[in-house]
Amino acid sequence: MRVWTMLDIRFVRENAEVVKAAMKNRNAEVDVEAVLALDGRRREIIVEVDGLKAERNILSKSIGLMIREGGDPETVKAQVRGMGDKIAALDEEQREVDTTLRKALLYIPNLPSSTTPVGRDETDNPVVRSWGEKTTFDFEPQMHWDLGETLGLFDLERGAKIAGSGFPLFTGRGAKLERALIQFMLDLHTEEHGYTELAPPFMCNETAMTGTGQLPKFAEDMYSISLDGLYPIPTAEVPITNIYGNEILDQALPIKHAAYTPCFRREAGSAGKDTRGLQRVHQFDKVEMVKFTTPEASAEEHEKLTLDAERVLQRLGLHYRVIELCTGDLGFSAAKCYDIELWTAAQEKWLEVSSCSNFHDYQARRANIRYRNEEGKPTFVHTINGSGVALPRLVIAIMENNQNDDGSIELPEVLWPYMGGLKKLV
RNA sequence: GGAGAGAUGUCUGAGUGGUUUAAAGAGCACGCUUGGAAAGCGUGUGUGCGCUUAACGGUGUACCGAGGGUUCGAAUCCCUCUCUCUCCGCCA
């Protein structure tokens, strides 16, 4: 049985202290010693049971021979039957140990990259770079929830009526703006950045959700359709990464995919925080980029993917900054991560619109995605993904930064063709 | 939702309880042959988990859609499930 590993169990065995230190930097409580004990017992059992099976195979063959030659195999049969009982017992114990070990391993987060800054929480995240400048107003700027209502771009009350708070209903030109932004971003990534577009399922099964690391630990963050064992996706990362699950890829790397999907998040535990308007919602649109690379190329491909996301914001003329998450703030599956944040001049704060992560081989191990290295040996790929970008906060930034004193909103020039020539929301 | 057929290695495709140690063919790799190539001939050709080895390797075990079961022994028999195809029903 393949014990799913997020961390290479051999690596953990040989570098226990490194793993312990990494978990400490993450503020993650992980019992490495318990894992090592299970691993040790597992290997003991395998040595013993494989030896017994080898013996049994030889004896079983001799029984076949005896029968063919007219001998009486009953004595040997009885002997082998006894061995069978012992084998069954050991097999059973191994199954239990495997299950326990696998479960423990699934709850261990990835090791941060050696280049990830060590820090305790989000206050230790360094700013890597920024682009553009803060908008200034010579009038009192309005918030997007007021602008949107006045201009008829969305109707949050009616959205809440049919699905609940946090399920926005876009209307008229607001709905068209969503579609325009999606199309603009997909065109940019496919035509200029070399990504192949996908239109994946919007629901995934438990295996896929486990492959990318959402399950088992973050089940409460996900919606679930228990009757069918499905989960509405929290990000396109889940379906896209898992399409190559249990495969040995024979195509050239990197593989680069981009896709639009809606995203569904319960946002458990964040109730009431920054939820006004479109800031934090249960369903939102997003264009996602996913790459599969060799370990050698992953660091560079991660930087490039981040730049691909930034290009979206540059074309839209929006002021942003890139921060790097420190070890204490890093997501569960990520080894290294840049967040891109948009400035909104009305609320005067930064809004996260993209998270660009390098997972190293963590997801590839969980989902079993491999390629053949130069020696022809199956090797886990590295996976990288990032939003390119998420819509609601992007819409907020466009609305709040581009507003005029009469409450109208200037649309970025790159969107004009996608809005049927419309340049301004009045 | 109902009925039927099917799932074997990189591919095609044999295999209904014991030299299956998964036939055969194709493909691929290497070698021989050749001025070079083709043909021909020969050799090799998966994955996981262990043990062993400095390494190359060696060795054991498991894997014939998945998971259980029967048996001394399962690709083969039994049960459950998944997926694919065909027909019917329903439906955008």
Side-chain angles (χ1 to χ4, degrees), chain A residues 1-14 35-106 199-211 225-231 239 242-253 361-381:
Chain A
M1 167 179 179
R2 189 177 75 93
V3 175
W4 285 20
T5 62
M6 36 349 91
L7 298 185
D8 184 350
I9 187 65
R10 273 165 291 205
F11 181 86
V12 177
R13 199 183 297 150
E14 287 157 23
V35 166
L36 291 177
L38 284 166
D39 172 55
R41 178 60 191 146
R42 174 168 186 272
R43 285 181 294 143
E44 270 175 24
I45 296 170
I46 288 173
V47 169
E48 190 178 354
V49 80
D50 276 6
L52 285 172
K53 283 178 180 172
E55 209 177 320
R56 180 179 69 180
N57 285 344
I58 290 167
L59 288 175
S60 286
K61 236 164 252 178
S62 76
I63 291 175
L65 228 100
M66 269 183 224
I67 294 172
R68 208 170 311 119
E69 291 169 358
D72 177 14
E74 287 310 317
T75 327
V76 187
K77 271 197 188 183
Q79 183 191 348
V80 179
R81 196 175 296 130
M83 292 175 62
D85 293 344
K86 179 128 197 224
I87 288 170
L90 284 169
D91 272 346
E92 176 59 26
E93 191 190 346
Q94 196 200 331
R95 253 197 301 275
E96 280 164 20
V97 171
D98 279 354
T99 304
T100 312
L101 178 59
R102 172 173 172 249
K103 197 169 173 189
L105 291 172
L106 283 174
F202 297 162
M203 298 210 203
C204 279
N205 57 29
E206 187 182 331
T207 304
M209 297 291 279
T210 305
I225 316 251
S226 56
L227 190 62
D228 299 292
L230 291 172
Y231 299 82
N242 282 288
I243 58 181
Y244 299 116
N246 292 319
E247 289 190 35
I248 298 175
L249 301 170
D250 54 7
Q251 53 223 280
L253 299 180
D361 61 5
Y362 185 88
Q363 292 182 325
R365 286 178 184 282
R366 292 173 76 112
N368 194 24
I369 306 168
R370 293 174 294 172
Y371 77 108
R372 290 193 186 275
N373 67 12
E374 287 169 2
E375 293 161 4
K377 200 177 157 213
T379 309
F380 291 111
V381 299

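Keep in mind that this is a model prediction, so the values were computed, not measured. Per chain, numbering begins at 1; letters A, B, ... match sequence-line order.
When the nucleotides B:C72, B:C49, B:A62 are ranked by their closest atom to the side chain of A:Lys77, B:C72 comes out on top. The nucleotide whose nearest atom lies closest to any side-chain atom of A:Val47 is, among B:U47, B:C51, B:U61, B:C51. Listed candidates were B:C49, B:G60, B:C72. Nearest to the side chain of A:Arg81 is B:C72. Nearest nucleotide to the side chain of A:Asn57, out of B:A62, B:U47, B:G18: B:A62. Picking from B:U47, B:U61, B:G50 the nucleotide with the shortest atom distance to the side chain of A:Arg13 gives B:G50. The A:Lys61 side chain lies nearest to B:U21 when the options are B:U47, B:U21, B:G18. Of the listed nucleotides (B:G60, B:G73, B:C49), B:C49 has the atom at the smallest distance from the side chain of A:Ile46. Checking B:G68, B:G60, B:A62 against the side-chain heavy atoms of A:Arg56 singles out B:A62 as nearest. Distance from the side chain of A:Arg42 is smallest for B:G50 among the nucleotides B:G18, B:G50, B:G68. Closest to the side chain of A:Arg10, out of B:G73, B:C49, B:U61, is B:C49.
Between A:Arg372 and B:U47 there is a side-chain polar atom (N or O) within less than 4.0 angstrom of OP1 or OP2. Of the side-chain N and O atoms in A:Arg43, none sit less than 4.0 angstrom from OP1 or OP2 of B:C49. Phosphate proximity of B:G48 to A:Arg370: present, with a side-chain N or O under 4.0 Å from OP1 or OP2.
Where A:Pro378 and A:Ser60 each meet RNA chain B at their nearest nucleotide, the meeting point lying more 5' is that of A:Ser60. Each of A:Gly376 and A:Val76 lies near RNA chain B, and the nucleotide nearest A:Gly376 is the one positioned closer to the 5' end.
If you take atom C1' in B:A39 and the same atom in B:A54, they sit 45 Å apart, rounded to whole Å. Nucleotides B:A62 and B:G6 have their C1' atoms positioned 26 Å apart, rounded to a whole Å. B:G46 and B:G27 have their C1' atoms separated by 15 Å, with the value rounded to a whole Å. Remark: the separation of the C1' atoms in B:C64 and B:G9 is 9 Å, to the nearest Å. Nucleotides B:U16 and B:C77 have their P atoms positioned 9 Å apart, rounded to a whole Å. For the P atom pair drawn from B:G25 and B:C78, the interatomic distance equals 32 Å after rounding to whole Å. The gap from the P atom of B:U45 to that of B:U10 amounts to 13 Å, rounded to the nearest Å. When the C1' atom is compared between B:A22 and B:U47, the two are found 15 Å apart, to the nearest whole Å.
Atom CG of A:Asn205 is separated from atom C1' of B:A66 by 13 Å (rounded to the nearest Å). Between the NZ atom of A:Lys377 and the C1' atom of B:A55 there is a distance of 13 Å, rounded to whole Å. In this entry the distance linking CD1 of A:Ile9 with P of B:G48 reads 17 Å, nearest Å.
For A:Glu374, the CD atom is loosely surrounded, since the number of other residues' heavy atoms within 6.0 Å does not exceed 12. No more than 12 heavy atoms of other residues, nucleotides or ligands sit less than 6.0 Å from atom CD of A:Glu206.
Base engagement by A:Ile63 is indicated by at least one non-hydrogen atom pair under 4.0 Å involving a base atom. Using a 4.0 Å heavy-atom distance criterion, A:Leu65 is classed as making no nucleic acid contact.
Side-chain contact between A:Leu59 and A:Met83: present, with at least one pair of heavy atoms (C-beta onward) separated by less than 4.5 Å. Annotation: side chain of A:Met209 is not in contact with side chain of A:Asn242 (no heavy-atom distance under 4.5 Å). When side chains are defined from C-beta on, A:Arg13 counts as touching A:Arg43, because their heavy atoms get closer than 4.5 Å. A:Asp250 has its side chain out of reach of A:Arg372: every pair of non-hydrogen atoms, C-beta onward, lies at least 4.5 Å apart. Inter-residue side-chain proximity for A:Glu14 and A:Asp8 is flagged as unmet; no heavy-atom pair is nearer than 4.5 Å.
The strand RNA chain B forms stems, runs of 3 or more Watson-Crick or G-U wobble pairs with distances below 3.5 Å, at B:1-7 with B:82-88, B:10-12 with B:24-26, B:27-32 with B:40-45, B:46-52 with B:57-63, B:65-69 with B:77-81.
Electrostatic pairing of A:Asp361 and A:Arg365 counts as a salt bridge here, judged by a charged N lying under 4.0 Å from a carboxylate O.
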Task: Verdict with supporting geometry, A:Tyr231 and A:Asn205, side chain to side chain contact (heavy atoms under 4.5 Å, CB included) - done: CA-CA 6 Å; A:Tyr231 299 82; A:Asn205 57 29; over 6 Å; no
